[in-house]
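What follows is one structure encoded as structure tokens, with my remarks underneath.
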Amino acid sequence: MIANKVQLTKHTDYGLRVLFYLALRSNSRASTEEIATVFRIPRSHLSKVVAKLAGNGIVQSARGKGGGIRLGKAPENICVGDVVRLLEGEEFIVNCHRPLCPILPACRLRQVMLEAQQACFAVFDSYSLLDLTSDRGGELRTLLNVSAAESEAGA
């Protein structure tokens, strides 16, 4: 049996988890330690992801008392496709250049992979962070232990 998957890196997975968590907290700040604990992921890796998101204005970070991270834009203005492109790069399905594939000049598979990637990004581009985190029933907040008060803080 052949697996039916194209897998994103942990870097992107963690980045999307950070954004989900922050979107549910509205405008209140969270620490990377808190997010790492909630998702049971290494804080050191998460810090690198957050730095990349902050460097591109997707999240804002502040140090010191009252510091932490929060969304840098409204959830409806954060395109999932943009986040995936930022964290994965443009060639996330296949990279024919590292190491350079010897059949690249005659390969037809590269075009098929590029078409598949474009189709994948078309789907990612059709969703905003708000689309993925609208939590009318409160199930996401419950699963992530985010209270309604935290969600409304600063909103």
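These values consider heavy atoms only, across backbone and side chains, with no hydrogens, waters or symmetry-generated copies.
- Under a hydrophobic-cluster definition in which Ile, Leu, Val, Met, Phe, Trp and Tyr are linked whenever side-chain heavy atoms come within less than 4.5 Å, directly or via other members, V123 and L8 are assigned to the same cluster.
- The environment of CG in L100 is crowded: more than 12 heavy-atom neighbours from other residues, nucleotides or ligands sit within 6.0 Å.
- Contact detail for A23 and T133: the closest heavy-atom pair is CB-OG1, 3.7 Å.
- Scanning all heavy atoms of the two residues, the minimum distance from S28 to R70 falls at O-CB, 3.9 Å.
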Residue pair K10, D13: steps toward the salt bridge (Lys or Arg N to Asp or Glu O under 4.0 Å) verdict: CA-CA 5 Å; K10 285 184 180 180; D13 177 16; over 6 Å; no

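- Using modelled atom types, no side-chain atom of D82 and backbone atom of C79 make a donor-acceptor pair closer than 3.5 Å.
- One distance of note links CD1 of I41 with CG of L46; it measures 4.5 Å at 0.5 Å rounding.
- By the criterion of side-chain heavy atoms lying less than 4.5 angstrom apart, applied directly or through intervening Ile, Leu, Val, Met, Phe, Trp or Tyr residues, V83 is grouped together with Y127 in one hydrophobic cluster.
- The minimum heavy-atom distance linking L22 with I69 is given by the pair CD2-O, 3.5 Å.
- In this model, a donor atom of one side chain and an acceptor atom of the other lie less than 3.5 Å apart for E88 and T12.
- When all heavy atoms of C96 and L104 are compared, the closest pair comes out as CB-CD1, 3.6 Å.
- Atoms CD and CZ, from E33 and R43 in turn, are 5.5 Å apart once rounded to the nearest 0.5 Å.
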Pair L87-T9, side chain to side chain contact (heavy atoms under 4.5 Å, CB included): steps then yes or no: CA-CA 8 Å; L87 298 175; T9 62; 5.8 Å; no

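- Residue pairs satisfying the ring-ring contact (aromatic ring centres under 6.0 Å, His included) criterion with at least one member in residues 28-68, sequence neighbours excluded, are listed as follows: H11-H45, Y14-H45.
- You'll find the side chain of L129 reaches within 4.5 Å of the side chain of L71, heavy atoms only.
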Chi angles and distances behind the side chain to side chain contact (heavy atoms under 4.5 Å, CB included) call for V50, T32: CA-CA 8 Å; V50 168; T32 53; 3.8 Å; yes

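- Looking at every heavy atom in both residues, A54 comes nearest to S61 through CB-OG, 4.2 Å.
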Side chain to side chain contact (heavy atoms under 4.5 Å, CB included) assessment of L19 paired with V59: CA-CA 8 Å; L19 296 178; V59 301; 3.7 Å; yes

Pair K52-L86, side chain to side chain contact (heavy atoms under 4.5 Å, CB included): steps then yes or no: CA-CA 8 Å; K52 191 157 197 175; L86 171 68; 4.0 Å; yes

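- Pairing each heavy atom of K73 with each of N77, the nearest pair is CD-O, 3.8 Å.
- Once rounded to the nearest 0.5 Å, the distance linking CG of L140 with OG of S134 reads 9.5 Å.
- In this structure, L130 is not a member of the same hydrophobic cluster as Y21, with clusters built from ILVMFWY side-chain heavy atoms closer than 4.5 Å.
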CA sep, side-chain torsions, deciding dist, call: R25, E34, salt bridge (Lys or Arg N to Asp or Glu O under 4.0 Å): CA-CA 12 Å; R25 293 178 57 94; E34 174 185 341; 3.0 Å; yes

